[in-house]
Asks: 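Shown below is the structure under consideration.
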Amino acid sequence: MVRGVLVLLTATLALLWGWDVWQAPASPAHPWWIARQEAMYLSGLLAIGLMSLAMYLATRPAWLETPLGGMDSVYRAHKWAGIVGGSFAILHWLVEMSDDILKSTIGRAGRVPKEKATGLLDSMQDLAEDFGEWGFYILLVLLAITLWQRFPYRPWRFLHRAMPVIYLLLAFHSVLLAPRDYWTQPVGWVLAGLVAAGVYGALRALLGNIGQARRMRSEILAVTQPAPDVVAVSCRLPAAWHGHRAGQFALVTFDPDEGAHPFTIASADSGDRTVEFRIKALGDHTRQLPSLLRPGQPVDIEGPYGRFDLSRINPQARQFWVAGGIGVTPFLAWLGALQNSAAPVPAADLHYCTRDRERDPFVAELQALCTGLPSVRLHVHGAAQGEVLDAHRLLADAGPGEAAEVWFCGPGGLADALRRGIAGIGRQRLSFHQEAFVMR
């Protein structure tokens, strides 16, 4: 879905650019100079269009969760729109730098004449060129550290705050230097809409009110450690909290300097405005939580978000639920919600993959929850015991033509292996649902 959105926007902008080129009157300029100019226009259009989309998606628009399949997909679209848009910005700069190459090969004769501006507009265009150059160099640095996954998260997050300012510089550059005939054609109308959406997102980011309508000051009720590398945090939310659906997540801010992190709500909604998070120590921040958190402390919780939702399963399809490590948390909420559900409990095979089934505290909890749900069959796969889940084991009991769904939450490597295995088996009537939320 994310790839489709980016391809659709890129194709739309390219087609609108092509329409403008088709409608343009013949130019006496040299074909290579014309090609350079149009390559600059196209690369610049794609760059600012995709970066505008990235800035708007940064506002976490909840209305896009349904068409895109969840806030995790919205975040992936935000990330890749920014990366691809930045890549087109690099291409735009390289095309602009080709000026000297053309001068040395075909000469200055036949250059495309510049659109002339006078007075204030002329001085603003000069400023726009400077803004574009400054913004590009800063964007290049941010793009590099975003792709460098080993760069520490906290300084990356601090530097990432500069992105709205960089975007505004580049938007000013794009609007002032776009061909004037764009604004009387569909390409200009679409560009104006995208820039307006991007400016809206940039201003909201600078004002710090993204997610404010869903953000609530809550209180920590209890902090426990069910395992040495897992902390359980129970919180009570204010009366404005309208509950959550089993499997959803929230953005939680324990430390304002660290910012918000997505954590799945591991508890079912009991109607008392309490939620529980099970958080695995996967980085510096999460490793410090057991020593930093205390009952009574305030915490900001934003949400709920997500479409990894028990109510979305297809009751007509065979259910296979796969949890890997801390990816068990949404299924804990699912099983908790089914305990006292008036609706029929679906028949499902729940596969839990862990390093060591003998020492994993979630195994006993899953067994207890599944005891009251006879239609949910639990399978535990311990790597230390040589029990590795693959596609053949997962689908061993499924009929060859039977419709099936896989709901997966866990490490990306395991998901990729299962997807490849399922494709190798040749299963046609199978849907694979995965929530993959990463912050960069």
Side-chain angles (χ1 to χ4, degrees), residues 6-21 24 27 29-56 78-103 105 111-115 117 124-147 162-183 185 187-188 190-199 201-202:
L6 301 185
V7 170
L8 177 62
L9 178 59
T10 301
T12 299
L13 292 174
L15 287 172
L16 293 175
W17 164 82
W19 175 258
D20 174 75
V21 174
S27 172
H30 192 285
W32 283 109
W33 282 112
I34 296 175
R36 172 185 176 272
Q37 175 180 272
E38 292 301 335
M40 284 185 63
Y41 288 161
L42 176 58
S43 57
L45 180 64
L46 294 174
I48 197 62
L50 287 162
M51 285 190 286
S52 296
L53 174 63
M55 285 308 310
Y56 177 71
H78 158 76
K79 170 186 174 180
W80 286 107
I83 291 174
V84 177
S87 300
F88 279 119
I90 295 173
L91 178 61
H92 180 74
W93 177 79
L94 291 173
V95 173
E96 201 279 333
M97 290 293 103
S98 68
D99 183 51
D100 292 335
I101 298 176
L102 291 182
K103 288 178 185 176
T105 53
R111 294 184 67 177
V112 179
K114 290 186 177 181
E115 292 183 326
M124 290 180 68
Q125 285 185 335
D126 291 339
L127 184 61
E129 289 183 358
D130 292 337
F131 279 3
E133 185 174 0
W134 300 337
F136 167 76
Y137 291 128
I138 302 173
L139 176 67
L140 189 61
V141 173
L142 289 179
L143 184 61
I145 65 174
T146 296
L147 293 173
M163 189 58 75
V165 177
I166 298 169
Y167 171 79
L168 292 174
L169 294 177
L170 296 175
F172 182 77
H173 170 88
S174 301
V175 171
L176 265 291
L177 298 180
R180 270 174 274 176
D181 70 309
Y182 272 18
W183 308 113
Q185 298 185 54
V187 62
V190 172
L191 175 60
L194 287 168
V195 170
V199 169

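The analysis underlying the following values was restricted to heavy atoms, covering all of them including side chains, and did not include hydrogens, waters or symmetry mates. A quick note: this is a predicted structure, and the numbers were derived from the prediction, not measured.
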Asks: My understanding is that only residues two or more places apart in sequence, or in another chain, count here; which of them pass side chain to side chain contact (heavy atoms under 4.5 Å, CB included) with Leu169?
Replies: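 Once residues adjacent in sequence are excluded, the partners of Leu169 under the side chain to side chain contact (heavy atoms under 4.5 Å, CB included) criterion are Phe131.
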Asks: What pairs with His92 under side chain to side chain donor-acceptor pair (under 3.5 Å), at least two apart in sequence or on another chain?
Replies: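 Residues passing side chain to side chain donor-acceptor pair (under 3.5 Å) with His92: Ser43.
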Asks: If I compare all heavy atoms of Leu139 with all of Gly86, which pair ends up nearest, and what's the gap?
Replies: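 Reported closest heavy-atom pair: CD2-CA, 4.1 Å.
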Asks: Any chance you could lay out the side chain to side chain contact (heavy atoms under 4.5 Å, CB included) test for Leu16 and Gln185, step after step, and finish with the verdict?
Replies: CA-CA 9 Å; Leu16 293 175; Gln185 298 185 54; over 6 Å; no
Asks: The criterion is side chain to side chain contact (heavy atoms under 4.5 Å, CB included); which residues satisfy it with Ile90, sequence neighbours excluded?
Replies: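 Checked Ile90 against side chain to side chain contact (heavy atoms under 4.5 Å, CB included); matches are Leu94, Phe136, Leu140, Leu143.
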Asks: Over all heavy atoms of both residues, which pair between Leu42 and Ala14 is shortest? Give the atoms and the distance, please.
Replies: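 Minimum heavy-atom separation between Leu42 and Ala14: CD1-CA, 4.0 Å.
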Asks: Is any side-chain heavy atom of Val187 closer than 4.5 Å to a side-chain heavy atom of Trp19?
Replies: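 A side-chain contact is absent here, since even the closest heavy-atom pair is not under 4.5 Å.
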Asks: Name all residues meeting the side chain to side chain contact (heavy atoms under 4.5 Å, CB included) criterion together with Val21; count only those two or more places apart in sequence or in a different chain, and write none if there are none.
Replies: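 In terms of side chain to side chain contact (heavy atoms under 4.5 Å, CB included), with neighbours along the sequence ignored, Val21 is linked to Trp17, Glu38.
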Asks: How far apart are the closest heavy atoms of Ala29 and Ile34, and which atoms are they?
Replies: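 Minimum heavy-atom contact is O-CD1, 3.5 Å.
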Asks: For residues 49-56, dump all side-chain donor-acceptor pairs below 3.5 Å to protein atoms at least two apart in sequence or in another chain.
Replies:
| unit_1 | atom_1 | unit_2 | atom_2 | d |
| --- | --- | --- | --- | --- |
| Ser52 | OG | Ile48 | O | 2.6 |
| Ser52 | OG | Tyr167 | OH | 2.7 |
| Ser52 | OG | Leu194 | O | 3.4 |
| Tyr56 | OH | Trp63 | NE1 | 2.9 |

Asks: Looking at Leu46 and Thr10, what are the two nearest heavy atoms and their distance?
Replies: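 That would be CD2-O, 3.7 Å.
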Asks: Measuring only between side-chain heavy atoms, which start at C-beta, is Val175 closer than 4.5 Å to Trp183?
Replies: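 Contact flag for Val175/Trp183 side chains = yes.
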Asks: Any side-chain heavy atom of Asp99 within less than 4.5 Å of one from Trp33?
Replies: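 Yes. Closest side-chain heavy atoms under 4.5 Å.
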Asks: With sequence neighbours left out, write down each residue that passes side chain to side chain contact (heavy atoms under 4.5 Å, CB included) with Trp80, or none if nothing qualifies.
Replies: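 In terms of side chain to side chain contact (heavy atoms under 4.5 Å, CB included), with neighbours along the sequence ignored, Trp80 is linked to Leu6, Ile83.
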Asks: Do Arg36 side-chain atoms and Glu96 backbone N/O form a donor-acceptor pair below 3.5 Å?
Replies: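 Yes.
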